[in-house]
Amino acid sequence: MRIAVPVSAPSKEALMDEKFGRAQWFLIYDSQSGRYEVVENPGFEASSGAGPAAVQTLRNHSVDVLLAENIGPKAKDLLAVAGIKAYEDYSGRGEDAIREFLTSQGSR
Amino acid sequence: MAVRIALAGGKGGTGKTTLAVGLARAFVSAGERVSLLDLDVEEPNAHLFFKDLREVSRREVLSSVPVVRQEDCTACGRCRDFCRFNAIVVFDKAIVLEEFCHRCGGCVLVCPEGAIEEREVVIGEVVKAVGGGLELVSGWLKVGQANPGPVIREVKAEGVGGQWLVLDCPPGSGCAFVESVEGADLLLGVVEDTPFGAHDFRKAVRVAREMGIDVLVVVNRYGMGNGEVLRVCEEEGIEVLAKVPFREEVHRSLARGIDPYSASGELRAILDSLRDALMARVRG
Ligand code: SF4
Ligand code: SF4
């Protein structure tokens with residue numbers, strides 16, 4: 001499983017970016033390998049369609065789960081089409097959000 | 001030749017529609033033929049101020065949207081990379097997101113498989129009605145459609161019956177605004193006497209001036225703020241044609257849909273003098 005979190009700086013200690021579509025980076029955790037990576041979201045400054053571009057980025061990196069503070073309705077629909085499960089109300093440090101999620105899933 | 005007066009506010013909620021309706025009615029009361037065009041097609045509301053509207057025509061507005069033939073798409077992603085509106089995503093196949101698509105047609109051309117074709121869909125409606133002594137043409141953009149341009153153009157093509165065309169323009173200073181004020185003889189900025197919105201208004205003014213359109217101003221809710229907006233007008237060299245003081249009772253009547261020209265004697269007098277000022281300016 002690959003879990004992504006929008007972050008405000010390219011590090012796993014970074015705080016989450018509250019605007020999912022406008023985040024410059026995504027922190028991705030791969031539960032198979034136990035590794036973290038940071039990928040850039042090229043659409044973060046797009047004047048149109050930042051949401052779709054962000055979903056595309058996630059999809060390109062084979063993300064299964066997105067944790068975010070909040071996600072707009074259009075982006076939510078598109079995430080569903082992309083087959084990415086999205087969970088809201090996460091905040092704080094990116095790494096902590098991922099841990100919290102894994103704990104809640106009981107699959108650490 | 002008809003005279004086109006575009007009313008715009010930079011941001012929304014400045015009372016622009018109220019003044020557009022009021023001004024249109026003031027022209028009617030001077031015996032002029034008037035078309036009121038509601039170009040705020042994402043949220044048309046001028047019709048709410050009329051009790052006696054009789055619909056005379058209703059037309060659908062079509063526009064072509066790109067559609068991907070799934071069986072021919074190889075998911076190469078060229079269409080997505082081309083689309084600067086991010087209106088295409090490619091998961092297993094390309095998907096066009098209509099609400100972001102601006103109909104540039106580019107994706108159709110760049111697809112190496114010829115898998116994208118354009119199909120006509122209904123994106124909105126134009127309704128013409130008569131009432132209150134004038135002709136009202138309203139445009140409606142369907143929810144989920146990104147591009148109001150074709151609807152705005154259709155409203156402008158329909159609303160040509162008057163000697164005076166009063167254009168209720170959309171907020172902002174983007175494509176919809178430009179499309180709306182294009183060809184206007186003058187732009188009447190409706191600004192509130194508050195510190196908010198000065199920035200948006202300045203932007204709209206710059207855009208209009210770049211298009212070669214003269215800008216004049218009506219200050220609405222005068223007395224509510226600190227006069228900041230008057231300073232902005234002075235800085236920009238914009239003549240203030242009228243100041244509409246804020247009156248609680250009038251505000252409440254308008255919220256109930258009372259026509260602004262009948263809402264109060266004071267407002268009527270202001271609208272009449274605004275009309276006279278415009279007539280004098282245009283006809284010399
Ligand atoms: S027509 Fe233009 S805006 Fe619409 S999806 Fe194709 S490239 Fe994007
Ligand atoms: S360019 Fe054509 S083939 Fe390539 S992803 Fe787009 S629709 Fe599919």
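By convention in this document, chain letters (A, B, ...) are assigned in the order of the sequence lines, proteins followed by strands, and residues within each chain are numbered from 1.
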> If you take all heavy atoms of Gly49(A) and Asn86(B), which pair is closest and at what distance?
Replying inline: O-CB, 3.1 Å

> With His61(A), which residues qualify under side chain to side chain contact (heavy atoms under 4.5 Å, CB included), at least two apart?
Replying inline: Arg2(A), Ile28(A), Val39(A), Thr57(A), Val63(A)

> Nearest heavy-atom pair of Arg80(B) and Asn60(A): which atoms, and what distance?
Replying inline: NH1-OD1, 4.4 Å

> Does anything in residues 15-24 of chain A get under 4.5 Å of chain B by heavy atoms, and if so which residues?
Replying inline: none

> Counting heavy-atom pairs under 4.5 Å to chain A, which of Phe91(B), Phe85(B), Phe100(B) comes out on top?
Replying inline: Phe91(B)

> Is the number of heavy atoms from other residues, nucleotides or ligands within 6.0 Å of CZ (Arg78(B)) greater than 12?
Replying inline: no

> Looking at residues at least two apart in the chain, or sitting in another chain, which of them share a ring pair (Phe, Tyr, Trp, His ring centres under 6.0 Å) with Phe49(B)?
Replying inline: none

>> Give the interface residues of residues 77-88 of chain A toward chain B, defined by a heavy-atom separation under 4.5 Å.
In response: Leu78(A), Val81(A), Ala82(A)

> Quick check: are there more than 12 heavy atoms from other residues, nucleotides or ligands sitting under 6.0 Å from CD of Glu235(B)?
Replying inline: yes

>> Does atom NZ (Lys203(B)) have a neighbourhood of more than 12 heavy atoms from anything else shown, all under 6.0 Å?
In response: no

> Which heavy-atom pair separates Asp92(B) from Arg59(A) by the least distance, and what is that distance?
Replying inline: OD1-NH2, 2.8 Å

> Is the number of heavy atoms from other residues, nucleotides or ligands under 6.0 Å of Arg69(B) CZ greater than 12?
Replying inline: yes

> Do other residues, nucleotides or ligands put more than 12 heavy atoms under 6.0 Å from Gln70(B) CD?
Replying inline: yes

> Just wondering, more than 12 heavy atoms not from Glu13(A) lying within 6.0 Å of its CD?
Replying inline: yes

